[in-house]
Amino acid sequence: MQDRVVIIGAGIAGVRAAEMLSPSFDVTLINNEPYLPYYRMRIEEVVSGSSPESLFMHPAKWYEDKGIRMVSGAVLRIDDEARAVYLSDGASLPFDSLVIATGSKANVFPLEGSRKEYFSLRTIEDAVRIREVLASSSSATIIGGGLLGLELAASIASHSGVSVSVVETAPYILPRQLDGESAALLESLLKDKGVSVITGAKAKGADESSLFLEDGRSIPSSVIIFSAGVHTDLSIADGTRIKTGRGIIVDSFLRTSVPGIYAIGDAAELDGRLFGLAMHAREMGSAVASLIMGGSAPYIPSSPSSMLKVGGLDVASFGEMKGDPIVREGERSRRTLFVEDGILKGAVFVGEKAPASVKAMIGKPYGGEDGI
Ligand SMILES: Cc1cc2nc3c(=O)[nH]c(=O)nc-3n(C[C@H](O)[C@H](O)[C@H](O)COP(=O)(O)OP(=O)(O)OC[C@H]3O[C@@H](n4cnc5c(N)ncnc54)[C@H](O)[C@@H]3O)c2cc1C
């Protein structure tokens, strides 16, 4: 009999692991969403009018052909002694190896005031709901000026004719990806696209028509969407010996504290770090499959990079913003390279496309701008 691998969560990490493990193992992929697995990072396209189906990673037949058994439902409990998972419909599935790939959830924090409904964008169902409410709304405010928030703001501004604001507590947008000057350029480019950005401001309360800031300002907001980070739902580990911190704690072989149980993707915490990026989720899906197949190479996360279009504008960030900035400005573009002790530590591009070669050059000796 083949070893049974059960994978909880059919996001990019879980699907990648299933793809690599099947058909050598008896693979069950548990999907708790009412759609086939899809590219979560593209769900804002559904807000703009695309069909959910256009985001599917693969058609149903692909899973059948690969021998991946897809089971619908949510895992309510893991029994790490009896080595089985229990589903919402009462069914149980025994496993030899278990992969927890349950992703993360959007942070939505309580605000003062009478407002009843807040939104966040994490699933296709969220996207469909946001699209529906925007159709009868005049204004939307996004709480959080990170990658997701800005992408969503620009997309809403360009498609729905709704006036859009972004509220960010940090002094500038994309504080994890950009330096202050690059962020200022992006802010002014976003303003041209109809997105009003309010930085250094904190949401305090809301009623049905406005969002109120701590400094007393109010922003017209018929719709309020939280884009203020994510957290791991740790309840999946309740009643087990699986150790948790901010995520499910794994070692560099993606093993939890219980033998034969692994965690990958957004759900996993490695060396105190949560990842939150599709590239790492996919990498971990591949790595866990290799390890379950008998491989011995530890998982080494690749250097973070983000490349996206915010309302048609290219924004890219690679590596770390450490060292001396070398800046080249165009009329509506800016590139900043960060060099420390002769090594290219990071690079940020706003308003111009980053050359494909940059990612591979991070962490290597910097030989002058011409090389980029
Ligand atoms: C709008 C948006 C835009 C993004 N853009 C980018 C981007 O440009 N670049 C980038 O790198 N990353 C981006 N990300 C982040 C990226 O999508 C995530 O890092 C990635 O999806 C994580 O993959 P995962 O497989 O670990 O988890 P997820 O994709 O979250 O999948 C986990 C799955 O497990 C399911 N699950 C949870 N609990 C259970 C349970 N008990 N039983 C069964 N199933 C369960 C969840 O419902 C979900 O379907 C974006 C995310 C969003 C929401």
Side-chain angles (χ1 to χ4, degrees), residues 6-19 28-48 55 57 70-78 85-89 91 93 98-107 119-127 130 142 144 146-153 155-156 174 176-177 225-238 247-248 250 254 262-269 274-286 288 301-302 304-310 315-317:
V6 170
I7 301 169
I8 312 174
I12 196 158
V15 170
R16 179 65 181 156
E19 175 180 7
T28 303
L29 180 64
I30 303 174
N31 180 11
N32 71 345
E33 297 199 46
Y35 296 98
L36 282 172
Y38 57 88
Y39 292 109
R40 193 169 309 280
M41 54 275 188
R42 287 178 44 205
I43 50 178
E44 145 249 315
E45 293 173 27
V46 173
V47 177
S48 311
L55 269 57
M57 292 180 205
M70 183 106 70
V71 169
S72 289
V75 171
L76 295 186
R77 189 168 72 83
I78 299 169
V85 298
Y86 296 87
L87 299 176
S88 33
D89 64 1
L93 290 169
L98 178 68
V99 179
I100 301 172
T102 45
S104 48
K105 290 190 165 167
N107 293 336
F119 298 89
S120 60
L121 180 62
R122 184 73 205 172
T123 64
I124 284 186
E125 282 178 300
D126 296 335
I130 290 172
I142 321 281
L147 284 175
L148 272 57
L150 294 177
E151 233 180 327
L152 179 61
S155 160
I156 295 176
L174 292 178
R176 276 162 59 197
Q177 288 82 10
I225 306 168
F226 274 90
S227 184
V230 292
H231 64 276
T232 308
D233 180 355
L234 300 170
S235 62
I236 194 93
D238 286 352
I248 294 173
V250 292
L254 303 171
Y262 303 80
I264 57 174
D266 279 13
E269 176 183 334
L274 295 168
F275 292 85
L277 283 176
M279 61 178 281
H280 292 124
R282 192 169 191 280
E283 281 174 8
M284 283 191 240
S286 303
V288 83
S302 56
S305 66
S306 315
M307 290 173 79
L308 73 156
K309 278 209 185 282
V310 179
V315 180
S317 143

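For this chain, numbers begin at 1 and follow the sequence in order. The figures that follow rest on heavy atoms only: side chains count, while hydrogens, waters and symmetry mates do not. Whatever order the structure lists ligands and atoms in, that order sets their numbers, starting from 1.
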(message) With a 3.5 Å distance limit and no angle check, can you tell me whether Ser104 reaches the backbone of Val230 through a side-chain donor-acceptor pair?
(response) no
(request) Please examine the side chains of Met57 and Tyr38, heavy atoms only from C-beta on, and report whether any two atoms are closer than 4.5 Å. (result) no
Which N or O atoms of ligand 1 sit under 3.5 Å from a protein N or O, and how far apart is each pair?
residue, atom, partner, partner atom, Å
ligand 1, 11 (O), Ala278, N, 2.8
ligand 1, 12 (N), Ala278, N, 3.2
ligand 1, 19 (O), Asp266, OD1, 2.9
ligand 1, 19 (O), Asp266, OD2, 3.4
ligand 1, 19 (O), Gly276, O, 3.4
ligand 1, 19 (O), Leu277, N, 3.3
ligand 1, 19 (O), Ala278, N, 3.3
ligand 1, 25 (O), Ile12, N, 3.1
ligand 1, 25 (O), Ala13, N, 2.9
ligand 1, 26 (O), Asp266, N, 2.9
ligand 1, 29 (O), Arg40, NE, 2.7
ligand 1, 29 (O), Arg40, NH2, 3.4
ligand 1, 30 (O), Arg40, NE, 3.3
ligand 1, 30 (O), Arg122, NH2, 2.8
ligand 1, 31 (O), Arg40, NH2, 3.3
ligand 1, 36 (N), Asn32, ND2, 3.4
ligand 1, 41 (N), Val75, O, 3.0
ligand 1, 42 (N), Val75, N, 2.9
ligand 1, 44 (N), Asn32, ND2, 3.4
ligand 1, 47 (O), Asn32, OD1, 2.6
ligand 1, 47 (O), Asn32, ND2, 3.3
ligand 1, 49 (O), Glu33, OE2, 2.5
ligand 1, 49 (O), Arg40, NH2, 3.2

(message) Asp126: which residues meet the side-chain hydrogen bond (donor to acceptor under 3.5 Å, both in side chains) condition with it, sequence neighbours left out?
(response) Thr123
(request) Please list, chain by chain and in numerical order, all residues satisfying side-chain hydrogen bond (donor to acceptor under 3.5 Å, both in side chains) with Ser120, sequence neighbours excluded. (result) none
(request) Go through the structure and list residues passing side-chain contact (heavy atoms from CB on, under 4.5 Å) with Asp233, not counting sequence neighbours. (result) Lys105, Ser235
(request) For Ser302 and Glu283, run side-chain hydrogen bond (donor to acceptor under 3.5 Å, both in side chains): C-alpha distance rounded to whole Å, both residues' side-chain angles, the deciding distance at 0.1 Å, then the answer. (result) CA-CA 8 Å; Ser302 56; Glu283 281 174 8; 2.3 Å; yes
